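Values in this document were obtained by computation on a predicted structure and should not be read as measured data. Atoms within a ligand are numbered from 1 in the order they appear, just like the ligands themselves.
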Amino acid sequence: MRPWNFSAGPSALPLEVLQQAAAELTDWHGCGMSVMEMSHRGVQFTQIRDEAVADLRSLLSIPDEFEVLFMQGGATAENAIVPLNLIGRRSAGKADYVLTGIWSNKSYAEAQRYGDIAVAATSGQEKVIDGVAQAPWTWYPDAGEWKPRRDAAYLHICGNETIGGLECAAWPSMASLGAPDVPLVVDVSSHFLSRPIDFSKVGMVYAGAQKNAGPAGVTVVIVRKDLIGHALPACPSAFNYSNVAAAGSMFNTPPTFAIYIAGLVFKWLRRQGGIEAIEQANIAKAKALYSFLDQSGFYVSRVQRSARSRMNVPFFLRDESLNARFLEEAQAAGLLQLRGHKSVGGMRASIYNAVPMEAVQALINYLQDFERRHG
Ligand SMILES: *Cc1c(COP(=O)(O)O)cnc(C)c1O
């Protein structure tokens with residue numbers, strides 16, 4: 001059996017998808033070419049692109065007033081591409097950011113180059129929540145406390161902080177924050193396709209595919225049509241949403257193989273019963289793992305309970321001198337890539353869509369066994 005892979009990204013893909021890609025690798029559907037070898041403008045790849053867009057639209061019930069774009073540069077490039085495209089839609093040249101951890105801070109820092117950028121809320125200080133003193137970046141500010149400027153071009157949040165293991169439980173409507181003309185822009189990289197998206201609440205979402213949607217190399221952007229067409233003159237043509245939309249994500253050669261694999265993941269998700277079904281599975285997996293950690297005196301989760309991510313579960317051994325041993329024995333037991341991010345330390349189990357309950361159960365069994373032997 002293959003080991004279980006808990007990597008934060010690039011991360012596990014569904015085995016069925018890998019097997020199908022392997023079977024089709026040298027000859028896609030009898031055309032005599034690999035997807036890697038075919039013209040992106042030919043009939044075969046056009047079909048692959050069209051099906052990927054259609055399957056994604058169907059999975060997430062994306063309304064017609066949104067464009068679906070396949071881009072490059074990852075979420076990191078979007079940190080610049082978003083302000084380059086959106087900040088010019090209002091004359092003030094302002095954008096606001098909610099800071100909740102490493103990724104949102106990177107977005108905020110990059111945006112500084114393009115306008116008047118402000119912090120609408122931050123969890124960068126300690127806060128007592130439900131009687132627990134939460135360290136900086138281990139809690140998510142309540143939407144009711146975000147302070148967007150009414151004339152900002154957009155408000156940016158990170159929906160799921162992959163490193164800290166924090167997820168925004170529910171996105172507010174911007175009207176309820178007194179800023180109805182400020183669209184919400186969400187970096188959904190690490191929880192894209194793990195749960196439904198309420199498109200009535202957002203202007204745009206974007207995701208690097210390599211966490212939960214496919215391989216590295218393609219970035220999915222879903223943006224409301226009325227928000228595009230205001231790019232700054234400095235915006236590179238290949239990163240201008242208008243150009244990319246007008247060209248059906250083929251303004252230049254797209255990352256064809258990555259789009260193809262993401263398309264196979266979309267079809268796999270449809271076979272699993274769609275987003276509602278995968279969300280239920282994700283809820284069950286997260287519940288099993290957090291419940292185990294909570295009853296244990298040997299391990300500890302330090303994230304605010306109501307903001308715990310369903311996708312990325314950082315945890316610590318109370319005796320950190322056992323860390324190296326824990327990881328070695330985990331690997332020997334067929335549980336890969338559990339080391340926490342260097343900025344947080346400890347462990348992190350990423351339990352994306354392609355990581356089944358069976359894997360989470362295997363992890364819990366290992367945690368129990370390790371505790372029994374070393375506790
Ligand atoms: C991984 C990640 C990024 C960075 O993605 P790249 O594809 O490496 O640019 C940004 N935001 C979030 C939430 C991430 O998980």
Side-chain angles (χ1 to χ4, degrees), residues 5-13 69-85 95 97-113 122-124 137-141 154-169 171 184-195 197 202 204-223 236 238-239 254-255 257-259 261-262 265 282 286 303 307-314 337 339-344 348-355:
N5 183 350
F6 298 94
S7 172
S11 39
L13 284 163
L69 310 177
F70 295 131
M71 299 185 69
Q72 297 187 67
T76 302
E78 291 301 323
N79 289 339
I81 296 170
V82 167
L84 279 163
N85 277 277
Y97 283 68
V98 175
L99 306 186
T100 47
I102 292 206
W103 291 119
S104 50
N105 272 282
K106 285 198 180 200
S107 302
Y108 171 69
E110 183 75 8
Q112 300 293 335
R113 305 156 67 112
T122 174
S123 64
W137 316 122
T138 68
W139 55 281
Y140 210 103
Y154 62 89
L155 173 70
H156 179 283
I157 69 171
C158 179
N160 185 68
E161 287 279 5
T162 322
I163 294 171
L166 289 168
E167 191 164 8
C168 184
W171 301 344
L184 185 63
V185 171
V186 190
D187 175 357
V188 294
S189 293
S190 50
H191 65 167
F192 186 53
L193 297 174
S194 72
R195 58 195 301 154
I197 290 178
V202 290
M204 172 181 159
V205 300
Y206 63 92
Q210 74 274 20
K211 307 291 168 47
N212 204 24
V218 59
T219 319
V220 181
V221 171
I222 307 174
V223 57
F239 289 160
F257 197 76
I259 292 171
I261 300 286
V265 172
N282 288 329
V303 173
R308 286 170 163 180
S309 169
R310 289 178 189 163
M311 296 282 102
N312 310 101
V313 183
Q337 310 203 71
R339 186 191 301 279
H341 189 271
K342 60 184 186 303
S343 67
V344 173
R348 173 175 49 168
S350 294
I351 50 176
Y352 295 120
N353 289 348
V355 178

Any idea which protein heavy atom is nearest [atom], and the distance to it?
atom: atom 7 (O) of ligand 1; answer: Q210 NE2, 2.8 Å
atom: atom 1 (C) of ligand 1; answer: K211 NZ, 1.5 Å
atom: atom 5 (O) of ligand 1; answer: A75 CB, 3.7 Å
atom: atom 11 (N) of ligand 1; answer: D187 OD2, 2.7 Å
atom: atom 9 (O) of ligand 1; answer: T76 OG1, 2.5 Å

Polar side chain donor-acceptor pair, N5 to S7, under 3.5 angstrom: no

No-hydrogen, no-angle side-chain donor-acceptor test under 3.5 Å, N79 and Y108: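 Absent: no donor and acceptor within the cut-off.
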
Criterion side chain to side chain contact (heavy atoms under 4.5 Å, CB included) on F6 and Y352, from CA distance to verdict: CA-CA 8 Å; F6 298 94; Y352 295 120; over 6 Å; no

Side chain to side chain contact (heavy atoms under 4.5 Å, CB included) evaluation trace for N353 with S194: CA-CA 6 Å; N353 289 348; S194 72; 3.9 Å; yes

At less than 4.0 angstrom from any non-hydrogen atom of [X], what atoms of ligand 1 do you find?
X: C158; result: 13 (C)
X: T162; result: 12 (C), 13 (C), 14 (C), 15 (O)
X: N160; result: 13 (C)

Test side chain to side chain contact (heavy atoms under 4.5 Å, CB included) applied to F70 and V220, step by step: CA-CA 5 Å; F70 295 131; V220 181; 4.1 Å; yes

Worked check of side chain to side chain contact (heavy atoms under 4.5 Å, CB included) between W137 and L99: CA-CA 8 Å; W137 316 122; L99 306 186; 4.0 Å; yes

Residue portion contacting ligand 1 (non-hydrogen atoms closer than 4.0 Å) for T219: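 Neither part.
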
Under-4.0 Å heavy-atom contact with ligand 1, by part of S189 that carries it: side chain

R195 atom CZ, over 12 foreign heavy atoms within 6.0 Å: yes

